Amino acid sequence: MNKLFLSIIAAGCLAMPAAGAKKKTVKQENPFLAPYTTQYGIPPFEQIKIAHYLPALEEGIRQHNEEINAIVVKRSRPDFENTVLALDMSGDVFNKVNFVFGTLNGTDATPEMQELAKKLSPMITAHNDEVFMNQMLFERIKDVYDHADELGLDKVQRRLTEKYYKRFVRNGALLSAADQDTLKSINSRLASLMLSFENNVMSEIAGNMVVVDDKARLAGLPQSTIDAAAKLAADKGMPGKWAFTAAASTRLAVLSSADDRALREEMYKTYMATANRGNQYDNSKNINEILKLRQRKAKLLGFETFADYAIAPVMASKVDAAEKLLLSIWEPAVKKVEEEVADMQKYADAHGANFKIEAWDYYYYADKVKAEKYNFSEDEVRQYFQIDNVVEKGLFWLANKLYGLTFTKMPKAPKYNPEVTVYDVKDAQGKHIAVFMTDYFPRPVKAQGAWMMEMNQAYDFGGKSERPIIYNVGSFTPPTKEMPSLLTLDELETAFHEFGHALHGMLTTAPYKGLEGTNMDRDMVELPSQLNEHWLLVPEVLKSYAKHYKTGEVIPQELVNKLIESSKFNQGFATTELVGAALLDIEWHKVNWCENIDVKGFENYISRKLGKPSIIEYRYRSPYFKHIFGSDEYACGYYTYLWAQVLEADAWNRFEEEGPLNTKTAADYRKYILEAGDTEDAMTLYKKFRGQEPNANALLRLRGLK
């Protein structure tokens, strides 16, 4: 899952000076209230304390209100510079706090940070509502929007103006004052509920462990997983035992490797029950209230359902179009699952299992069939995926080959956690392009999953410019005293995926903040990340980074061939799991909820409606489906991963035809996709790169489903 941007106005450089001696003293003491003097404007994390956030946010809101008021009271006719651009560049302090708060609340959500979030999140939501329901500001934006021709706006200025106009409308600018108050109340409550949802998931993942006290039950597990479990047990006051949380790296290791079937079952059921145990962290009530409030919001804004509201402004535009795409992939994927399960059951029977394969057996026997069919194991191949090599000789090597980028460590740069590594990114001419940070290992106070985010926003116009600060977060298998971090194939794919998002953020050349990088339609934003995954199995790339962690031996060609041959293996499962979650998301949001619903019961109903194989669960069950209930970012938008996969599969055809490392193809991709941001319609940009509209058949072929 990927968190791409904060729901805030673009950060800027027009903050007004605080007035009065008292404010000046605060400004001197609070790092947020003074210009960052660090190289490239990296936030001075070591100076920022919990006590700084609230006063800085309050001051940031005050300053931002003054800037908005300065736009509104202008007597001159509204134009692009004095209205649209002024808004785009406003809110410096407000956004500085948001970027750092957003980073730490996801990566280091200590109890103190969680308590702080309860105060800050409603304030942030309320302020954004005040801005985007400001009638006088909207009238000026609308005036520029209505008179774009007369004002001589170029196409990029028109794009930004239209984007702000539509945002105001979607945020209630056309509502009556009474309805705006209702919407503000809804938004504020939603912010609190989504924060509660996120915190519940984090607490459940960290707090619910599978404990083993018999070493024999660990048979089959990678040594690194065993060592990490022993350390966790010792840290929890259980020396001599092994403790496993349901965090992705641990959970998947147990499900795919543990010979002890009862251990696999316990891990599977522990994860499936996350935030759905009837305790204080149960998310059922949060889900019910979130759904009801979203439907009220949609109705208030003139839409029949929240699904209609969410899908209207993006490429699909209609719920039916999104569902049609998903169902066209669903049917062949389910058919493929039947074949995969049959192969696994055959293997299990031949090896004396004497039981019907259940959901907790799927990963385990999928790996067994894969090992037998292609004659290699996950544990064998991950010995070549040492994380430092993957990053520096894989991701960075590829970025240099395709785009001429270089990554140099900045050991003295500020970092928000000691585990973070900071890089200075430069282009082929040695010009600074971006700051890039990596944060790859799980922590008890860190949200699960992987994502890319930014700590500022880039712009370049009129002699003013700022380059982005981008970071990737993961929850990969951590190193131990005996062994470095060795990535599974799934973790390897995630590393390439998130780095694709990072390249999208780092290479932006959009002139305005509101159009830069990943600040675009969800439908398109997953294209760079998913396309980047294709390069991990390109032989020349693979041989650059895939070196045995002990011997340094380059991965043998025979194993490379097996990896490529097996790349379509188990795609029925992977696709069904993903499409099922996307369809569930849409189903939740196309109902006008007025009564409480049993969450598991609704999931079961949708499973029967779709004919979902019982052996496969949704990729995320609703109580821990953070994409759609932990924020509004992907609410009724999880389908866009599949929508973008259609684009990605079709786009990869061009690289296949012209060469995966063809610099001319890469230059076109960089120009029309990675650099362009939201400066043009997404499909227009795609066709400029591809020369045609995408075809869904490419995805089915790529996944071996057609």
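Predicted, not measured: the structure shown is a model, and the values here were computed from it.
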Would you say the rings of [Y] and [X] are close, in the sense that their centroids are separated by under 6.0 Å?
X: Phe99; Y: Phe94; value: no
X: Tyr669; Y: Tyr672; value: no
X: Phe499; Y: Phe496; value: no

Original post:
What residues, two or more places apart in sequence or in another chain, satisfy ring-ring contact (aromatic ring centres under 6.0 Å, His included) together with Trp535?
Top reply: Trp652, Phe655
Original post:
With sequence neighbours left out, what residues match Phe461 under ring-ring contact (aromatic ring centres under 6.0 Å, His included)?
Top reply: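 Result, ring-ring contact (aromatic ring centres under 6.0 Å, His included) vs Phe461: Tyr459, Tyr512.
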Original post:
For Ser631, what residues pass the side-chain contact (heavy atoms from CB on, under 4.5 Å) criterion, not counting sequence neighbours?
Top reply: Glu633
**OP:** Identify, with sequence neighbours excluded, every residue that meets side-chain contact (heavy atoms from CB on, under 4.5 Å) alongside Asn570.
**Re:**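 Scan of Asn570 (side-chain contact (heavy atoms from CB on, under 4.5 Å), adjacent residues dropped) gives Glu340, Tyr362, Ala366, Phe573.
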Is the closest side-chain donor-acceptor distance between [X] and [Y] under 3.5 Å?
X: Asp88; Y: Tyr164; answer: yes
X: His504; Y: Ser529; answer: no
X: Trp588; Y: Ser622; answer: yes
X: Tyr634; Y: Glu526; answer: yes

Original post:
Is NZ or CZ of Lys612 both nearer than 6.0 Å to the six-membered ring centre of Tyr618 and within 45° of the ring axis?
Top reply: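 Flagged: Lys612 positioned over aromatic ring of Tyr618.
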**OP:** Report the residues that fulfil side-chain hydrogen bond (donor to acceptor under 3.5 Å, both in side chains) with Asn532, sequence neighbours left out, ordered by chain and then residue number.
**Re:**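 For Asn532, no residue satisfies side-chain hydrogen bond (donor to acceptor under 3.5 Å, both in side chains) once neighbours in sequence are set aside.
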Original post:
Are the side chains of Thr679 and Pro511 in touch, meaning some heavy atoms are under 4.5 Å apart?
Top reply: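 Yes; the side chains approach each other to less than 4.5 Å.
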Original post:
Are the side chains of Tyr471 and Thr438 in touch, meaning some heavy atoms are under 4.5 Å apart?
Top reply: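 No, side chains not in contact.
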Original post:
Is there a salt bridge (charged side-chain N to carboxylate O under 4.0 Å, His left out) between Glu289 and Arg189 once you walk through the steps?
Top reply: CA-CA 9 Å; Glu289 191 173 353; Arg189 181 59 181 159; 2.8 Å; yes
**OP:** Inspect the contact between Arg159 and Glu680 and indicate whether a charged nitrogen and a carboxylate oxygen are less than 4.0 angstrom apart.
**Re:** no
**OP:** Give a yes or no on whether a salt bridge exists between Glu162 and Arg158, defined as a side-chain N under 4.0 angstrom from a carboxylate O.
**Re:**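 No, Glu162 and Arg158 are not salt-bridged.
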Original post:
Got a sec, which residues hit salt bridge (charged side-chain N to carboxylate O under 4.0 Å, His left out) with Glu150, two or more places apart in sequence or on another chain?
Top reply: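 By the salt bridge (charged side-chain N to carboxylate O under 4.0 Å, His left out) rule, Glu150 matches Arg77.
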Subject >> Qualifying residue for ring-ring contact (aromatic ring centres under 6.0 Å, His included) with Tyr145, from Tyr165, Phe138, Phe168 >> reply: Tyr165
Subject >> Residue from Thr182, Thr125, Asn128, Asp129 passing side-chain hydrogen bond (donor to acceptor under 3.5 Å, both in side chains) with Asn187 >> reply: Asp129
Subject >> Asp427 side-chain N/O to Leu405 backbone N/O, donor-acceptor pair under 3.5 Å >> reply: no
**OP:** Would you check, one step at a time, whether the test ring pair (Phe, Tyr, Trp, His ring centres under 6.0 Å) holds for Phe629 with Tyr620?
**Re:** CA-CA 11 Å; Phe629 292 122; Tyr620 303 103; over 10 Å; no
